[in-house]
Q: 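Sharing a structure with you now.
Position 1 is the first residue of the sequence; numbering continues from there. All values reported here derive from a predicted model rather than from experimental measurement.
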Amino acid sequence: AIVFWFDQNDCGNDLNIGLYYIVGEDFKKAVKYLSNAAENGDAVAQYLIGVCYDNGIGISQDLERAKYWYKEAAENGVPEAQCDYGIACTTENNMHEAEKWLLQSAEQGYSKAEYTLGWNYGANYNVDKALLWMEKAAKHDYVKAQLSMCSMYLQGPPAIQDFDEAVKILEDLVKQDNPIAQYALALCFAQNKGVDVDFEKAMEYLKKSAEQGYAQALVELGSVYCSGNPALNIPQDYTMALDLFRRAAEQGYPMAQIYIGRMYENGWEVEKSKKKAEEWYKKAERQGLTLQLIQQQQQQQFQQQFQYY
């Protein structure tokens with residue numbers, strides 16, 4: 001984006017000087033010149049100074065100032081600013097204003113706005129519009145949208161489920177070594193969704209995802225080693241399981257914290273300790289996950305398996 005905005009024929013203006021300092025990572029000087037350009041009505045500078053305030057780059061973080069400059073740039077037609085201002089409105093639950101600006105950005109073909117619109121419509125149970133905008137972003141190779149499309153095709157209402165299309169998208173993303181796609185494709189092979197059941201393939205992709213540190217894959221693989229699987233020549237290995245759970249727990253993943261708590265509660269690979277088990281359970285609870293909630297979710301999943309028959 002910086003290269004796109006840089007004007008080699010006008011290297012003396014404040015915007016270009018600011019961009020020069022951004023490239024050189026002298027962010028305080030960049031903010032000085034971008035601020036000057038923004039105050040003088042340069043739309044790109046207005047957006048960039050908004051980004052600086054939003055992320056605390058070269059200046060103290062100030063979300064209200066960021067929102068102000070995003071709106072200024074949005075009104076001047078910058079699609080990135082229209083999108084980020086729309087996102088700011090979403091966080092304040094001002095959905096009418098959010099939709100207005102996200103639509104303006106999306107209609108200019110900005111993929112992040114298309115994806116965010118799809119996400120917002122999905123959160124409000126407007127499946128048709130969610131699917132429409134997610135598909136637009138996915139066609140622009142926006143990876144988050146492609147993954148969301150897969151989720152909708154695999155887990156959405158029966159009317160929009162399309163396992164074959166989900167697998168096709170996932171296989172393309174796996175070629176790019178995407179760990180989330182590797183994990184999702186592993187589940188497809190394990191659950192007969194779009195591909196024949198193949199547990200060896202499932203383990204292959206699960207391990208690839210875990211090797212890249214994807215937390216859900218780490219926990220899933222850890223649970224396999226916790227119980228072992230003789231049919232796949234996977235021995236029970238608490239040492240391996242604990243290592244995988246700890247790697248996921250270091251990312252703050254609550255399910256991993258629950259598993260570590262269970263290992264302390266039962267004395268698997270660690271000295272049995274009710275106190276340490278409770279410490280790990282409380283870490284997960286602070287993020288909204290408890291053993292009781294897990295049991296409820298498992299029961300709901302079991303019931304949902306039969307609700308369409």
Q: If you define the side chain from C-beta out and look only at heavy atoms, does anything of N120 sit under 4.5 Å from E99?
A: no

Q: From Q82 CD over to E80 CD, what is the distance, rounded to the nearest 0.5 angstrom?
A: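 Answer for the CD-CD pair, Q82 versus E80, is 9.0 Å.
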
Q: Go through Y70 and Y47 one step at a time and tell me if the ring-ring contact (aromatic ring centres under 6.0 Å, His included) criterion holds.
A: CA-CA 5 Å; Y70 284 154; Y47 171 63; 5.8 Å; yes

Q: So, for A256 and A248, which heavy atoms are closest and what is the spacing to 0.1 Å?
A: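 Shortest heavy-atom contact: CB-CB, 3.5 Å.
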
Q: Taking all non-hydrogen atoms of both residues, which atom of L102 and which atom of T116 are closest, and how far apart?
A: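 L102 and T116 have their closest heavy atoms at CD1-CG2, 3.9 Å.
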
Q: Between Q236 and N229, do the side chains contain a donor N or O and an acceptor N or O under 3.5 Å apart?
A: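 No, no side-chain donor-acceptor pair sits under 3.5 Å.
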
Q: Between D14 and D42, is there a side-chain heavy-atom distance shorter than 4.5 Å?
A: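 In short, these two side chains do not touch, never coming nearer than 4.5 Å.
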
Q: Any side-chain heavy-atom pair from L19 and N16 closer than 4.5 angstrom?
A: yes

Q: State, to 0.1 Å, how close A215 and Y253 come at their nearest heavy-atom pair, and which atoms those are.
A: CB-CG, 3.8 Å

Q: I need the minimum non-hydrogen distance between G118 and A130, along with the two atoms involved.
A: O-CB, 3.3 Å

Q: May I ask you to test the Y85-S105 pair for a side-chain heavy-atom distance under 4.5 Å?
A: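 Side-chain contact under 4.5 Å: no.
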
Q: So, are K67 and E92 salt-bridged, with charged N and O less than 4.0 Å apart?
A: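 Looking at K67 and E92, the cut-off is met.
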
Q: Mark yes when over 12 heavy atoms from residues, nucleotides or ligands other than K193 sit less than 6.0 Å from its NZ; otherwise mark no.
A: yes

Q: Is it true that K208 and E204 make a salt bridge, defined as a side-chain N closer than 4.0 Å to a carboxylate O?
A: yes

Q: Compare every heavy atom of A98 with every heavy atom of G86, then report the nearest pair and how far apart it is.
A: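 Heavy atoms of G86 and A98 come nearest at O-CB, 3.3 Å.
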
Q: Taking it one step at a time, do L244 and V219 satisfy side chain to side chain contact (heavy atoms under 4.5 Å, CB included)?
A: CA-CA 6 Å; L244 292 164; V219 168; over 6 Å; no

Q: Measuring from E200:CD to N233:CG, what's the distance to the nearest 0.5 Å?
A: 8.5 Å

Q: Can you list the steps and then say if Q287 with Q257 is a side-chain hydrogen bond (donor to acceptor under 3.5 Å, both in side chains)?
A: CA-CA 10 Å; Q287 298 183 73; Q257 296 163 346; 3.1 Å; yes

Q: For residues Y53 and V78: do they belong to one hydrophobic cluster (side chain heavy atoms under 4.5 Å, members Ile, Leu, Val, Met, Phe, Trp, Tyr)?
A: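 Per the 4.5 Å side-chain linkage, Y53 and V78 are co-clustered.
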
Q: Between atom CZ of R65 and atom CH2 of W69, what is the distance when rounded to the nearest 0.5 Å?
A: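 The CZ atom of R65 sits 6.0 Å away from the CH2 atom of W69.
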
Q: Any heavy-atom pair between the side chains of K275 and S273 that's under 4.5 Å?
A: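 Of all side-chain heavy-atom pairs linking K275 with S273, at least one is under 4.5 Å.
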
Q: Can T239 and E269 be said to form a side-chain hydrogen bond (donor to acceptor under 3.5 Å, both in side chains), step by step?
A: CA-CA 6 Å; T239 301; E269 187 54 31; 3.0 Å; yes

Q: Apply side chain to side chain contact (heavy atoms under 4.5 Å, CB included) to the pair N55 and Q61, showing each step before the final yes or no.
A: CA-CA 6 Å; N55 298 280; Q61 188 180 48; 5.6 Å; no

Q: Do Q182 and Q212 meet the criterion of a side-chain donor-acceptor pair at a distance under 3.5 Å?
A: yes

Q: Nearest heavy-atom pair of A166 and C150: which atoms, and what distance?
A: O-SG, 3.6 Å

Q: Would you kindly confirm whether V44 and F27 end up in one hydrophobic cluster when ILVMFWY residues are joined by side chain heavy atoms under 4.5 Å apart?
A: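 Same hydrophobic cluster.
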
Q: Mind checking whether M95 and W119 sit in one hydrophobic cluster, side chains of I, L, V, M, F, W, Y counted as touching below 4.5 Å?
A: no

Q: Enter the distance from M134:CE to E114:CD here, rounded to the nearest 0.5 Å.
A: 10.5 Å

Q: Evaluate whether atom CZ of R262 has more than 12 neighbouring non-hydrogen atoms of other residues, nucleotides or ligands under 6.0 angstrom away.
A: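 Counting neighbours around CZ of R262, 12 or fewer heavy atoms of other residues, nucleotides or ligands fall under 6.0 Å, so no.
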
Q: With heavy-atom distances below 4.5 Å as the criterion, would you say the side chains of N266 and K272 are in contact?
A: no

Q: Would you be so kind as to tabulate the donor-acceptor pairs closer than 3.5 Å made by side chains of residues 30-41, with sequence neighbours excluded?
A:
from: S35; atom 1: OG; to: V31; atom 2: O; distance (Å): 2.7
from: N36; atom 1: ND2; to: K32; atom 2: O; distance (Å): 3.4
from: N40; atom 1: ND2; to: N36; atom 2: O; distance (Å): 3.1

Q: Give me the one residue out of W268, Y225, Y259, Y264 that meets ring pair (Phe, Tyr, Trp, His ring centres under 6.0 Å) with Y238.
A: W268

Q: As a quick check of understanding, evaluate side chain to side chain contact (heavy atoms under 4.5 Å, CB included) for H96 and K100, giving each step before the final call.
A: CA-CA 6 Å; H96 177 74; K100 168 188 169 182; 5.6 Å; no

Q: Answer yes or no: is there a donor N or O on one side and an acceptor on the other, between the side chain of R247 and the main chain of A210, under 3.5 Å?
A: yes

Q: Is any side-chain heavy atom of L103 closer than 4.5 Å to a side-chain heavy atom of W133?
A: yes

Q: Parallel, tilted or perpendicular for Y142 and Y115, by the 30°/60° rule?
A: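 It falls in the tilted class, 30° to 60°.
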
Q: List the steps, then state whether side-chain hydrogen bond (donor to acceptor under 3.5 Å, both in side chains) holds for Q146 with N178.
A: CA-CA 11 Å; Q146 292 171 327; N178 185 289; over 6 Å; no

Q: Quick one: do I234 and V197 end up in the same hydrophobic cluster if we chain Ile, Leu, Val, Met, Phe, Trp and Tyr together by side-chain heavy atoms under 4.5 Å apart?
A: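 Looking at the clustering, V197 is in the same group as I234.
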
Q: Between N94 and T90 (side chain of the first, backbone of the second, donor and acceptor by atom type, cut-off under 3.5 Å), is there such a pair?
A: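 Side chain of N94 to backbone of T90: no pair is present.
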
Q: Given the rule that I, L, V, M, F, W and Y join up when any side-chain heavy atoms are under 4.5 Å apart, are Y214 and M255 in one cluster?
A: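 No, no single cluster joins them.
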
Q: In Å, rounded to the nearest 0.5 Å, how long is the span from CG of D26 to OH of Y20?
A: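 Taking CG in D26 and OH in Y20, the distance rounds to 9.5 Å.
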
Q: Examine distances only and state if a side-chain atom of E72 and a backbone atom of Q46 form a donor-acceptor pair shorter than 3.5 Å.
A: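 Pair absent, no side-chain N/O of E72 close to backbone of Q46.
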
Q: Take I180 and S209, measure what side chain to side chain contact (heavy atoms under 4.5 Å, CB included) needs, and give me the verdict at the end.
A: CA-CA 7 Å; I180 302 175; S209 181; over 6 Å; no

Q: Nearest 0.5 angstrom please: L206 CG to S223 OG, how far?
A: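 Nearest 0.5 Å value for the CG-OG distance: 8.0 Å.
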
Q: Taking the side chain as every heavy atom from C-beta outward, state whether L15 and L48 have any pair of such atoms under 4.5 Å apart.
A: yes

Q: Flag the pair D84 and K112 as a salt bridge only when some basic side-chain nitrogen lies within less than 4.0 angstrom of an acidic carboxylate oxygen.
A: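 Yes, this pair counts.
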
